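A short write-up of the structure that comes next.
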Amino acid sequence: MDVPFLDAGAINARYADQLKAAAARVIDSGRYILGEEVDAFEKEFASYCGVQHAVGVGNGLDALSLILRGYKELGVLKEGDEVIVPGNTFIATILAITDNRLIPVLVEPDPVTFNIDPVMVKAAISPRTRAIIAVHLYGQLADMPRLAELASNHRLLLIEDAAQAHGAMRDQCKAGALGDAAAFSFFPAKNLGALGDGGAVVTNNDELLHRIHALRNYGSEVKYQHLYQGINSRLDEIQAAMLRVKLAHLDEDIRQRRRIALRYRELIRHPLIQLPKVSIEESHAWHLFVVRSAHRDALQKHLYTQGIQTLVHYPIPPHRQPAYISLQHVHLPLTEQLHDEVLSLPMGPTMRSEDADRVIAACQSFECDA
Ligand SMILES: *Cc1c(COP(=O)(O)O)cnc(C)c1O
């Protein structure tokens, strides 16, 4: 491929020396689980997000699941409670809910931003609703002011799935600082990616922090004393060391993503390709640049023949997956239509404007006989 969708090797090659030095530091330390690197990264990442606490965990799914589990241990959530969640999200958001024996109530997105629609959330609130999970889809913040108002009027938890939105900001507040607790993923392809799996929970809630600290480590705060039936989901020392190197460059990476997005938005002008809409520029961290087309499959094929790799996020919504036969009855026409029409163009911090221009030229030359 002339323009790959994302080049994780090139992203890390930029700091190869620093990453190798950080790995050597961990190797030489003799401490590989819950040591100084995780401690330091937790402080640095909490401070980056503008919150009091971060807890490093094994991955983004566990981060989401541990937030819900933590609230169960606090007695705020109980089995059978309903959690409102967008239908058009990565399956992890839904898995975290059902793992905890909570009930996912799927709602349609806003047709312009594809983010969770507060009007739909309001209509879905029932006497059993206890929480909303907002997903900052593709890196763009959900409408948190309106969701926060709903959450406060109905006494609901407001949880952020910020796995795609490291560094997205609104009114000087970053993703992670806009609800009661937030989950991040450091999967290598995310805006802040480790060199393997990783995740974090961030929150200002001390009680929740203590529960999650214990839950990620066999339910234990003091070795061999188990307060909860916890899990083993700890951020590795070596990944924490990698993430400390990369966190220092995150804002610069997001600026480059914004430049590429701006170029796409200025120069792609095609009647069959709908560009993403942005309300507040800095509220978008451009994890993905997602266009919409009624001729998506033909467009993807055309770009492929021009040497441009694209992906679909996501081809099948969770409620249409074999894993969720239980959600078969759910009818979400807009969500289903979006899954047929979305296409993610190449996007990443190592893309140059020449790469963007090749993508733009290829889009402009798209012709459809259908
Ligand atoms: C990537 C992602 C997750 C899961 O993160 P993992 O680290 O892969 O477990 C959860 N939610 C969303 C929206 C994601 O994009």
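Start at 1 and go down the list; that is how both ligands and their atoms are numbered. On a predicted model such as this, the values are computed, not experimentally measured, just so you know. No hydrogens, no waters, no symmetry mates; every other heavy atom, side chains included, goes into these values.
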> Excluding sequence neighbours, so at least two apart, what forms side chain to side chain donor-acceptor pair (under 3.5 Å) with Arg31?
Replying inline: none
> Side chains of Thr113 and Tyr138: do they bring a donor and an acceptor to under 3.5 Å?
Replying inline: no
>> Under 3.5 Å, is there a donor on one side chain and an acceptor on the other for His313 and Ser344?
In response: yes
Which N/O atoms of ligand 1 sit under 3.5 Å from a protein N/O, and at what distances?
{"from": "ligand 1", "atom 1": "5 (O)", "to": "Ser185", "atom 2": "OG", "distance (Å)": "3.2"}
{"from": "ligand 1", "atom 1": "7 (O)", "to": "Gly60", "atom 2": "N", "distance (Å)": "2.7"}
{"from": "ligand 1", "atom 1": "7 (O)", "to": "Ser185", "atom 2": "OG", "distance (Å)": "2.6"}
{"from": "ligand 1", "atom 1": "9 (O)", "to": "Gly60", "atom 2": "N", "distance (Å)": "3.2"}
{"from": "ligand 1", "atom 1": "9 (O)", "to": "Leu61", "atom 2": "N", "distance (Å)": "2.9"}
{"from": "ligand 1", "atom 1": "11 (N)", "to": "Asp161", "atom 2": "OD1", "distance (Å)": "3.3"}
{"from": "ligand 1", "atom 1": "11 (N)", "to": "Asp161", "atom 2": "OD2", "distance (Å)": "2.8"}
{"from": "ligand 1", "atom 1": "15 (O)", "to": "Gln164", "atom 2": "NE2", "distance (Å)": "2.8"}
{"from": "ligand 1", "atom 1": "15 (O)", "to": "Lys190", "atom 2": "NZ", "distance (Å)": "2.7"}

> Listed by chain and number, what are the side chain to side chain donor-acceptor pair (under 3.5 Å) partners of Tyr32, not counting sequence neighbours?
Replying inline: none
> Got a sec, which hydrophobics cluster with Ile132, joining ILVMFWY side chains under 4.5 Å apart, including via others?
Replying inline: Ile84, Val105, Val107, Ile116, Met120, Val121, Ile125, Leu141, Met144, Leu147, Leu150, Leu156, Leu158, Leu178
> Do we see a donor-acceptor contact under 3.5 Å between the side chains of His136 and Gln164?
Replying inline: no
